[in-house]
Amino acid sequence: MNMYEPLDQTFFEAPVLELAKRLVGQLIVHETPNGLIVARIVETEAYHGPEDRAAHSYGNRRTKRTEIMFDEPGYVYTYQMHTHTLMNVVCGPRGIPHAVLLRAAEPVEGLHLMQENRGEKLKMKDWTNGPGKLSKALGVTMHYYGHRWTEQPLFLAKGSETLEIETGPRVGIGNSGEAVHYPWRFFEKDNPYVSKYRP
DNA sequence: GATTCGATTCTA
DNA sequence: AGAATCGAATCA
């Protein structure tokens, strides 16, 4: 079919901070009806479940939305915010609701499809440099809630080694007390597709 | 009704 | 650079 092989389940079995860091540089592969779309992850954020005020699962909050985070690592957690879909990788052993948000990636294959999904007028740099933009460019919707990142047609594959990974505070979580400052955002140094930081 | 792990389009 | 606007899901 294509040359991309899904990552093994064991890849996801790691502490959430380590997984978030490890995900930078890996590939998101989406086999769409119109063709293959591949993007290389350049930015992630870790969400530390019960003790993290910025997490949806803070205090073990268990709702229809957060339910999937209580399952095994490797599930797709998508959720809708405003008009956008955001993609997460479920982490932590079963019962521990950790997750990693995929914030940005650089286009690798299926460029014309991404441009189609994002609009002809936009510069390539603006296709995938934010979590909502990334989902739209890849054609990922709420349909994939509960899918596994190890299975077609949407999966993660081994990417290239990253040059250098930097850390910093997470984006858009202003009202989260001390958690605001935690350096749980991971991104590749000097990569132009990293999202713009907004305080 | 208010808030949220955003994005786009306007105004300047 | 900043304000205005969009509006799904969730929680008060």
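Keep in mind that the numbers below use all heavy atoms, side chains included, and drop hydrogens, waters and symmetry copies. Throughout, a chain's letter reflects where its sequence line sits, starting with A, and its residues are numbered from 1.
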Polar atom pairs (N or O), protein with nucleotides 7-12 of chain C, under 3.5 Å:
unit_1 : atom_1 : unit_2  : atom_2 : d
C:dG7  : N2     : A:His82 : ND1    : 2.8
C:dA8  : O4'    : A:His82 : O      : 3.4
C:dT10 : OP1    : A:Arg65 : N      : 3.4
C:dC11 : OP1    : A:Arg61 : NH1    : 3.3

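- Of all the heavy atoms in A:Leu122 and A:Trp127, the pair that sits closest is O-NE1, 3.4 Å.
- Note that the CD atom of A:Glu13 and the CG atom of A:Asp8 stand 8.0 Å from one another [nearest 0.5 Å].
- A pairwise comparison of heavy atoms in A:Asn34 and A:Leu113 identifies CB-CD2, 3.9 Å as the closest pair.
- Hydrophobic clustering places A:Leu23 together with A:Phe187 (ILVMFWY residues linked when any side-chain heavy atoms are closer than 4.5 Å, directly or through intermediates).
- A search for side chain to side chain contact (heavy atoms under 4.5 Å, CB included) contacts involving A:Leu17 returns A:Ala46, A:Trp184, A:Phe186, not counting sequence neighbours.
- B:dC5 and C:dT5 have their P atoms separated by 23 Å, given to the nearest Å.
- When each of A:Tyr4, A:Trp149, A:Tyr144 is checked for a ring pair (Phe, Tyr, Trp, His ring centres under 6.0 Å) with A:His30, only A:Tyr144 meets the rule.
- Among all heavy-atom pairs drawn from A:Leu7 and A:Thr150, the shortest one is O-CG2, 3.3 Å.
- Less than 4.0 Å separates DNA chain C from no heavy atom of any residue of residues 92-115 of chain A.
- The salt bridge (charged side-chain N to carboxylate O under 4.0 Å, His left out) search around A:Arg61 returns none, not counting sequence neighbours.
- Not a single ring-ring contact (aromatic ring centres under 6.0 Å, His included) links A:Tyr47 to another residue, sequence neighbours left out.
- With sequence neighbours excluded, the residues that form a side-chain hydrogen bond (donor to acceptor under 3.5 Å, both in side chains) with A:Glu18 are A:Arg22.
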Determine, step by step, whether A:Tyr77 and A:Tyr75 satisfy the ring pair (Phe, Tyr, Trp, His ring centres under 6.0 Å) criterion, reporting the C-alpha distance in whole Å, the side-chain angles of both residues, the deciding distance to 0.1 Å, and the verdict.
CA-CA 6 Å; A:Tyr77 169 38; A:Tyr75 277 100; over 10 Å; no
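- Scanning DNA chain B 5' to 3' for nucleotides with an atom closer than 4.0 angstrom to a non-hydrogen atom of chain A gives a first and last hit of B:dT4 to B:dT8.
- Partners of A:Phe70 according to the ring-ring contact (aromatic ring centres under 6.0 Å, His included) rule, which considers only residues two or more places apart in sequence or in another chain, do not exist here.
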Identify each donor-acceptor pair in which a side-chain atom of residues 91-108 of chain A lies under 3.5 Å from a protein atom, sequence neighbours left out, and give them as a table.
unit_1   : atom_1 : unit_2   : atom_2 : d
A:Arg94  : NH1    : A:Asp71  : OD1    : 3.3
A:Arg94  : NH2    : A:Glu72  : OE2    : 3.1
A:Arg103 : NE     : A:Glu43  : OE2    : 3.1
A:Arg103 : NH2    : A:Ser195 : OG     : 3.3
A:Glu106 : OE2    : A:Arg40  : NH1    : 2.7

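- Listed by first then second residue, pairs satisfying ring pair (Phe, Tyr, Trp, His ring centres under 6.0 Å) with a partner in residues 5-27 of chain A number zero, not counting sequence neighbours.
- Between the A:Arg118 side chain and the A:Asp126 main chain, a donor and an acceptor come within less than 3.5 Å of each other.
- Contacts between residues 118-135 of chain A and DNA chain C, defined by a heavy-atom separation below 4.0 Å, involve no residue at all.
- Counting only Watson-Crick and G-U wobble pairs whose two key distances fall under 3.5 Å, DNA chain B forms stems of three or more stacked pairs at B:1-4 with C:8-11, B:6-11 with C:1-6.
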